[in-house]
Amino acid sequence: FVIKDRLLSDKSGTSFFAIVFNTAYTREEQSHLLCNAKNICRMTDQSNMSGEDYELFKKDDEFIMRFHEENLGYEGCIKAYNDADVVKRYHGVKEIMAYRAPIKVANTLAGVVHDITNAKILDLAAGSGMVGEQLFERGFRNVDAHDGAAAMVDFCRTSGFYKDFFTCFVGNGQKLPMADNTYDGMSCCGATLNNHLPADAQAEIARVIKPGGFFVNGYRSNMYETEVDYGNEWREEAQRLEKNGTWTLYGVLNFPKFCREADGRVDVYQIL
């Protein structure tokens with residue numbers, strides 16, 4: 001993880017770990033941030049799956065890719081997610097899909113936020129609360145959940161990981177219902193792609209985070225190649241916000257296995 005020209009990585013010999021360590025933390029505190037993630041994420045590669053597991057994986061992969069279809073659009077995607085049975089299935093595929101990204105996002109946010117217990121955090125596009133669960137395990141107790149689909153937010157309400165809840169679309173001119181400078185930090189995982197989070201949502205994200213706070217965003221590292229137009233729009237808007245002094249790119253974490261079939265990336269922006 002690159003933080004202001006410093007390269008820090010895990011020395012445990014576990015190749016898929018690259019963990020953000022804020023220099024304000026002691027080595028003991030840094031070790032605690034792992035939160036036994038090695039046991040949580042000890043998944044096998046597709047080549048080691050049984051035939052039955054591989055068939056389950058293919059079905060679940062097809063299910064997830066439904067939400068990525070280019071012609072679905074933002075409204076269609078929200079409608080597709082907005083079903084209690086769909087949400088339960090979505091939440092259940094994390095094991096077979098080896099979805100490690102929420103752990104990376106939570107570790108990263110824990111590494112840059114100092115007062116974890118009291119820090120006010122928004123889990124943007126929270127889905128079924130996978131990041132919220134990881135944040136809770138790391139000691140965060142003041143986390144709000146947001147999603148565009150009411151069924152996802154309803155699922156988050158039952159988890160016990162969140163304090164307040166917001167159902168709304170953000171981007172394409174639509175704003176978040178919070179005042180400026182509300183949050184100390186914001187997490188987002190798996191929503192930087194077609195049909196989910198428009199590029200112009202980044203300005204709204206920055207608006208509701210306090211100066212000095214952080215936006216920690218995890219997504220598939222191949223997004224810029226597989227969704228070229230969307231990826232270019234996202235990157236151009238992020239760079240525009242850097243140039244106008246809204247935020248600065250604090251660090252980038254590249255890691256293996258965002259999920260079973262793709263590697264991952266976490267961008268960290270600090271609000272100015």
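Small disclaimer: the values here were computed from a predicted structure and weren't measured. One is the number of the first residue; the rest follow in order along the sequence.
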Closest heavy-atom pair and its distance - [X], [Y]:
{"X": "H196", "Y": "A191", "answer": "CB-O, 3.2 Å"}
{"X": "V208", "Y": "M186", "answer": "CG2-CE, 3.4 Å"}
{"X": "W234", "Y": "P198", "answer": "CZ3-O, 3.6 Å"}
{"X": "H146", "Y": "C168", "answer": "NE2-O, 2.9 Å"}
{"X": "F166", "Y": "V153", "answer": "O-CG2, 3.6 Å"}
{"X": "A80", "Y": "V86", "answer": "O-CG1, 3.6 Å"}

Worked verdict on Y81 versus Y90 for ring-ring contact (aromatic ring centres under 6.0 Å, His included): CA-CA 9 Å; Y81 278 130; Y90 177 89; 5.7 Å; yes

Do any N or O atoms from the side chain of [X] and from the backbone of [Y] form a donor-acceptor pair under 3.5 angstrom?
{"X": "W247", "Y": "A238", "result": "yes"}
{"X": "D123", "Y": "A145", "result": "no"}
{"X": "Q174", "Y": "G171", "result": "no"}
{"X": "T182", "Y": "M178", "result": "no"}
{"X": "D267", "Y": "V252", "result": "no"}
{"X": "Q270", "Y": "G212", "result": "yes"}
{"X": "E242", "Y": "L249", "result": "yes"}

Any luck finding a side-chain donor-acceptor pair between [X] and [Y] under 3.5 Å?
{"X": "N118", "Y": "D115", "value": "yes"}
{"X": "D147", "Y": "T167", "value": "no"}
{"X": "R235", "Y": "Q239", "value": "no"}
{"X": "Y183", "Y": "D144", "value": "yes"}

Between [atom1] of [X] and [atom2] of [Y], what distance do you get to the nearest 0.5 Å?
{"X": "E237", "Y": "E233", "atom1": "CD", "atom2": "CD", "answer": "10.0 Å"}
{"X": "T158", "Y": "D154", "atom1": "OG1", "atom2": "CG", "answer": "8.5 Å"}
{"X": "R265", "Y": "K104", "atom1": "CZ", "atom2": "NZ", "answer": "15.5 Å"}
{"X": "F140", "Y": "I121", "atom1": "CZ", "atom2": "CD1", "answer": "5.0 Å"}
{"X": "Q202", "Y": "T192", "atom1": "CD", "atom2": "OG1", "answer": "7.5 Å"}
{"X": "Q134", "Y": "F161", "atom1": "CD", "atom2": "CZ", "answer": "8.5 Å"}

ILVMFWY network linking F136 to M130, side-chain heavy atoms under 4.5 angstrom: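 Yes.
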
Co-membership, hydrophobic cluster, residues Y224 and L241, 4.5 Å side-chain: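 Yes, Y224 and L241 fall within the same hydrophobic cluster.
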
Validation row, ring centre F258 to ring centre Y219 under 6.0 Å: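 Ring-ring flag for F258/Y219: false, centres at least 6.0 Å apart.
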
Geometric class of the Y162/F165 ring pair [parallel <30°, tilted 30-60°, perpendicular >60°]: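 Judged by the thresholds at 30° and 60°, the geometry between F165 and Y162 is perpendicular.
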
CD/E75: more than 12 non-hydrogen atoms of other groups inside 6.0 Å: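 It does not: E75 CD has 12 such atoms or fewer within range.
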
Sub-4.5 Å side-chain heavy-atom contact between [X] and [Y]:
{"X": "L124", "Y": "S187", "value": "no"}
{"X": "V216", "Y": "C188", "value": "no"}
{"X": "N172", "Y": "Y74", "value": "yes"}
{"X": "P211", "Y": "N181", "value": "yes"}

Worked verdict on L72 versus N194 for side chain to side chain contact (heavy atoms under 4.5 Å, CB included): CA-CA 9 Å; L72 187 62; N194 277 329; over 6 Å; no

Working for side chain to side chain contact (heavy atoms under 4.5 Å, CB included), residues T108 and V268: CA-CA 8 Å; T108 304; V268 181; 3.5 Å; yes

Side chain to side chain contact (heavy atoms under 4.5 Å, CB included) between L272 and T248, intermediate numbers included: CA-CA 7 Å; L272 300 176; T248 185; 4.0 Å; yes

D180/R207 under salt bridge (charged side-chain N to carboxylate O under 4.0 Å, His left out): CA gap, chis, key distance, verdict: CA-CA 5 Å; D180 295 358; R207 180 184 67 80; 2.7 Å; yes

D184/K210 under salt bridge (charged side-chain N to carboxylate O under 4.0 Å, His left out): CA gap, chis, key distance, verdict: CA-CA 6 Å; D184 298 294; K210 299 173 185 177; 3.2 Å; yes

Derivation of the side chain to side chain contact (heavy atoms under 4.5 Å, CB included) call for H68 and L193: CA-CA 8 Å; H68 297 202; L193 71 165; 3.2 Å; yes

Distance under 6.0 Å and angle within 45° of ring axis: R100 vs F255: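 No cation-pi geometry.
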
Qualifying residues under side-chain hydrogen bond (donor to acceptor under 3.5 Å, both in side chains), relative to T246, sequence neighbours excluded: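 Checked T246 against side-chain hydrogen bond (donor to acceptor under 3.5 Å, both in side chains); matches are N244.
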
With Y269 via side-chain hydrogen bond (donor to acceptor under 3.5 Å, both in side chains) - residues at least two apart: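 Scan of Y269 (side-chain hydrogen bond (donor to acceptor under 3.5 Å, both in side chains), adjacent residues dropped) gives none.
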
